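Single-structure report; data block below.
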Amino acid sequence: MKDINAAYDQIQKDRKAGRTSYQSQSYGGGYNSGSYTGGYYNAGGYNQGYNQSYSGSSQFSDIRRLIQQNRIAEADELLDGVPDYKRNAEWYFLKGSVYYRRGWLGEAARCYQRAYQMEPGNQEYAAAWQRISYQRQYGSSPMSGTQRGCSCDCCDLCAGLMCLDCLCGNWC
Amino acid sequence: MFGYIKPFRPELRLREDEEYKAVYCGLCKELGRSFGLFARMTLSYDFAFMAMFFMALDEDICPSYEKCSCIAHPFKKRCRCCENRAVSLSAKAAMILTYYKLKDDLTDKGFFKKIAAAFLMPFASSARKKALAFGNEAKFIDNAAAKMMEEQQKLEKENCGISDMAAEPTAKFLEELISLGGNDKNEPVLRRFGYLLGRYIYLCDAIDDLESDRKNKNYNPFLLSGEDALSEAKAVLFMTVAELSDDLDLLELKRYKETVENTVSLGLKSEVERIINKKGGEKNG
């Protein structure tokens, strides 16, 4: 009996841990705080979490800031003003972010892909392109599909409790 | 709109399916009551979803149901959702959009389409006038729809080959329309939802009409975008659906949560697959 209780506790603990990590990853404190990873309500599209590595090397930090503040039209204007020979992977990535925010998902995908192809080693571009390729292939976002059938959680819990009840001899 | 937004019914619970049918019947009845028999012919899944979505968003609208009989199903009594703000708003939006759709058909190149449009126009026009008499919301929808048509025609004249740009007028219209169901708190999320939903509708319709547009030499953004239009369209539609699901996760739904989620994450996707497979089959067959 002790073993069973211990195992049950362990499962509950794991689940709790699993759930919180999932929540903090994809919901954070709701979209207002802007910690929704890799989505629209994350400040700046995809660039959250990687900013540190960029603070020194980014050519377009002012444009990045505009995108984070959701001043999309201004950011787009500045991006269009950059001459062709200066348009590097980061330029395409930021252009992609601007398109993404405007809802132009086709063009956004093209730009994100271009950024990734120009600089495949860059974590930020790779993460963005990975997420988008998943969406384009499966019609849902990574991390969302399995959690959506939430009723499972409660059924599982119920079944677990019934099982425990049986084992404890209350029923049988 | 064209009936691309519907739930994936095999995955609905019986209760949810009944509720959905009740909203559908309620909208039909409301169309008939306010705008006459002609209006009932325009009944579509899209506006049933809109009614349901508005009820889901607004706690103050409390849907009630009643048993009724129906001309289309004379032997069985059905449940229907009684008139409320969401249902009547959807009915008005449907009438206004039907009017603009017919107006657009009048400029169509196809002879029969033109005749049909000319024949139905008086009904649609009087229905629109009735809808406009109901108040500011209808006027707001009407303005947005007029703007959409104007911008759409401009893009078509320019032969725009970028599908994102071609979808923008419809997307903006849906953004305005859907924003009517919101409050200050959820407006930004709702606006993006509407925008993406409009994109979805436009792109689905464009793919659905691909062959006939090619034959009649009508405008279609996918005819201009190069070789592999079908697979690119599928990818872009899937991405739109994924973004819609993500956006919906951030909205607080007061009721019909499962049905709305089912529609957005399963229904839209299966509709895309249906259209793309149909086109793929036509090409090979």
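Keep in mind the model is a prediction, meaning the values are calculated, not measured. In what follows, chains carry the letters A, B, and so on, assigned in the order in which the sequence lines appear, proteins first and then strands, with residues in each chain numbered from 1.
In this structure, the portion of B:Glu168 lying under 4.5 Å from any heavy atom of chain A is its side chain and not its backbone. The part of A:Gln137 that comes within reach of chain B is its backbone (N, CA, C, O), which places non-hydrogen atoms under 4.5 angstrom from that chain.
When the side-chain contact (heavy atoms from CB on, under 4.5 Å) test is applied to A:Ala75, the partners found at least two apart in sequence or on another chain are A:Ile63, A:Leu66, A:Ile67, A:Val98.
Here the CG-OG distance, from B:Asp247 to A:Ser141, works out to 10.5 Å after rounding to the nearest 0.5 Å. B:Met239 CE to A:Ser133 OG: the interatomic distance, rounded to the nearest 0.5 Å, is 9.5 Å.
In this structure, B:Tyr256 places its OH atom where more than 12 heavy-atom neighbours from other residues, nucleotides or ligands lie under 6.0 Å away. At most 12 heavy atoms of other shown residues, nucleotides or ligands fall within 6.0 angstrom of atom CD in A:Glu77. Within 6.0 Å of CD in B:Glu59 there are 12 or fewer heavy atoms belonging to other residues, nucleotides or ligands. Around the CD atom of B:Glu252, the shell of radius 6.0 Å holds no more than 12 heavy atoms that belong to other residues, nucleotides or ligands. Annotation for B:Tyr202: atom OH counts as buried by contact number, over 12 foreign heavy atoms lying within 6.0 Å. Atom NZ of B:Lys257 has 12 or fewer heavy atoms from other residues, nucleotides or ligands within 6.0 Å.
The shortest side-chain heavy-atom distance between A:Trp104 and B:Met165 falls under the 4.5 Å cut-off. Side-chain contact between B:Val241 and A:Gln135 is absent, with no heavy-atom pair separated by less than 4.5 Å.
We find that B:Glu243 and A:Arg136 are not joined by a salt bridge, their nearest charged nitrogen and carboxylate oxygen being 4.0 Å or further apart. Electrostatic pairing of B:Asp164 and A:Arg110 does not count as a salt bridge here, judged by no charged N lying under 4.0 Å from a carboxylate O.
For the residue pair A:Leu105 and B:Thr240, the shortest heavy atom distance occurs at CD1-CA, 3.6 Å.
Cation-pi geometry between B:Arg192 and A:Tyr100 is met: under 6.0 angstrom from the ring centre, within 45 degrees of the axis.
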